[in-house]
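Take a look at the structure set out below.
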Amino acid sequence: MPKISYQIIPLHHVCDTQKELLNEVYGLWEDTFGRVLNRAGVELDHDDFFRCHAAGVLLYKNEIVGFNLFTTFDLNLRAHQNHNYFKELDPQFVKSVTKQGNKIMTMEYFTLAPLWRKQSQEIPWGEILTGLGLFYMDQSPADFVVGTPRVDLKVDSMCERLGATIQGHVEKMNYKCAIAVFEKKVERSFENPLTHHWVRKLWEKYTHHKAEKLQKQQQMVNTAENSASPPPFELTLAEAAA
């Protein structure tokens, strides 16, 4: 357990300590989906990576186990309504799903590193990675998650096991994909006990580390404020006259 961890990397404001990791995530994303889409006769849109607002990364020590990317859309905003992501979906689906709320988080580009795909027969890393993404959504302002998992790889079935409802299908990048919707929950559980155990433990570990980091940052701010030189002493007019 101490060797497995989860990180969320903000893609638009990357801190120095996460830049090397993000470059590795980008390299794996580019290599994986470049080859997958090339086989389908489609070119990878590199702009899609930094269109997303965050990456959820599962790690073993410093080795990437897998990741997925998140984007939050607010369909009260016309610019978000007209985004290409929604143009690929059935307008009736978009209209019906927004009755649940207008803030949608997408979970995209689900990836397991090649070595860890083989390990998934023993521990369901794909379920664990996706489950952590759902915990992230649950504590975010988003109302629900939408994803378009591939049918041929049975990622849609994995999503159903984790609690998604399949609300139609779409042809995306020349692959048949399901439209999976996860509702927001106050308490979330998973049918596979192993998945449930790992997701809860890794999320607790992530939130604990995040709280410790924020506490250290606040202590540094307080120390800096306390050690700062006092402002120069200025006499009031009354004191000067005396």
Side-chain angles (χ1 to χ4, degrees), residues 1-34 44-74 77 79-80 83 85 103-116 125-126 128-147 182 184 188 198-228:
M1 177 62 70
K3 296 178 182 178
I4 298 287
S5 63
Y6 184 67
Q7 288 191 35
I8 293 172
I9 307 176
L11 299 188
H12 300 160
H13 302 282
V14 186
C15 66
D16 289 341
T17 57
Q18 291 183 313
K19 286 182 179 179
E20 184 177 350
L21 174 58
L22 183 55
N23 281 333
E24 292 180 18
V25 170
Y26 179 79
L28 180 57
W29 174 83
E30 185 178 40
D31 180 63
T32 301
F33 287 95
L44 178 63
D45 183 356
H46 288 76
D47 292 344
D48 247 10
F49 190 89
F50 280 103
R51 179 261 293 169
C52 300
H53 78 262
V57 188
L58 190 60
L59 295 160
Y60 173 74
K61 297 182 179 177
N62 294 320
E63 178 185 346
I64 297 172
V65 175
F67 67 87
N68 44 33
L69 304 181
F70 308 104
T71 304
T72 300
F73 293 99
D74 187 339
L77 300 173
H80 288 197
H83 195 277
Y85 186 90
K103 292 183 180 177
I104 300 173
M105 181 182 290
T106 63
M107 193 184 300
E108 306 171 63
Y109 289 108
F110 168 81
T111 304
L112 284 181
L115 176 65
W116 293 89
W125 294 116
I128 292 164
L129 176 62
T130 305
L132 287 163
L134 294 174
F135 270 49
Y136 174 53
M137 182 272 292
D138 287 337
Q139 56 82 50
S140 78
D143 297 308
F144 52 92
V145 157
V146 172
F182 292 93
K184 193 168 192 170
R188 187 176 294 277
W198 279 81
V199 171
R200 289 190 66 86
K201 289 293 183 183
L202 287 169
W203 185 254
E204 287 171 4
K205 184 177 179 180
Y206 163 73
T207 54
H208 179 72
H209 176 74
K210 185 178 178 182
E212 280 188 334
K213 187 177 178 181
L214 289 173
Q215 186 179 23
K216 287 179 181 178
Q217 288 174 344
Q218 188 59 51
Q219 287 173 348
M220 290 174 66
V221 170
N222 293 340
T223 301
E225 289 177 349
N226 293 335
S227 62

query = Which side-chain hydrogen bond (donor to acceptor under 3.5 Å, both in side chains) pairs, counting each pair once, include a residue from residues 54-70, with sequence neighbours left out?
reply =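 Counting only pairs at least two positions apart or across chains, the side-chain hydrogen bond (donor to acceptor under 3.5 Å, both in side chains) contacts touching residues 54-70 are Glu63-Trp116.
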According to salt bridge (charged side-chain N to carboxylate O under 4.0 Å, His left out), who are the partners of [X], at least two apart in sequence or on a separate chain?
| X | result |
| --- | --- |
| Lys19 | Asp16 |
| Asp143 | none |
| Asp48 | Arg51 |
| Asp47 | none |

message = Within a 6.0 Å radius of atom NE2 on His13, are there more than 12 heavy atoms belonging to other residues, nucleotides or ligands?
response =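 Open.
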When you measure from the side chain of [X] to the backbone N and O of [Y], does any donor-acceptor pair fall under 3.5 Å?
| X | Y | answer |
| --- | --- | --- |
| Thr17 | Cys15 | no |
| Ser140 | Ala142 | yes |
| Lys205 | Tyr6 | no |

[X]: what forms a side-chain hydrogen bond (donor to acceptor under 3.5 Å, both in side chains) with it, not counting sequence neighbours?
| X | result |
| --- | --- |
| Glu24 | none |
| Glu212 | His208 |
| Glu204 | none |

How would you list, by chain and number, every residue that makes a side-chain contact (heavy atoms from CB on, under 4.5 Å) with [X], sequence neighbours excluded?
| X | value |
| --- | --- |
| Leu77 | Asp74, His80 |
| Gln139 | Tyr136, Trp203 |
| Phe50 | Leu11, Leu22 |
| His209 | none |

How far apart are the closest heavy atoms of [X] and [Y], and which atoms are they?
| X | Y | result |
| --- | --- | --- |
| Met137 | Phe144 | SD-CA, 4.0 Å |
| Trp198 | Ile4 | CZ3-CG1, 3.8 Å |
| Leu129 | Gly56 | CD1-O, 3.9 Å |
| Cys52 | Glu108 | SG-OE2, 4.3 Å |
| Lys184 | Pro141 | NZ-C, 3.9 Å |
| Leu44 | Phe33 | CD1-CB, 3.9 Å |

query = Out of Leu69, Leu134, Thr71, which residue meets the side chain to side chain contact (heavy atoms under 4.5 Å, CB included) rule with Met107?
reply =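 Going through the options one by one, the only one that passes is Leu134.
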Identified side chain to side chain contact (heavy atoms under 4.5 Å, CB included) partner of Leu59 from the options Leu202, Leu21, Val65 =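 Of the listed options, the one satisfying the test is Leu21.
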query = Between Phe70 and His53, what is the ring plane arrangement, given parallel below 30°, perpendicular above 60°, and tilted in between?
reply =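 Taking His53 first and then Phe70, their aromatic rings sit tilted (interplane angle of 30° to 60°).
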ask   = Roughly how far apart are Thr106 OG1 and Phe73 CZ, rounded to 0.5 Å?
value =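 If I round to the nearest 0.5 Å, the distance is 5.0 Å.
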inquiry  = Measuring from atom CG of Leu58 to atom OH of Tyr206, what distance do you get when rounded to the nearest 0.5 angstrom?
reply    =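 OH of Tyr206 is found 13.5 Å from CG of Leu58.
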Option passing ring pair (Phe, Tyr, Trp, His ring centres under 6.0 Å) with Tyr26 (candidates Tyr109, Phe67, Phe49) =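 Of all the options given, the one that passes is Phe49.
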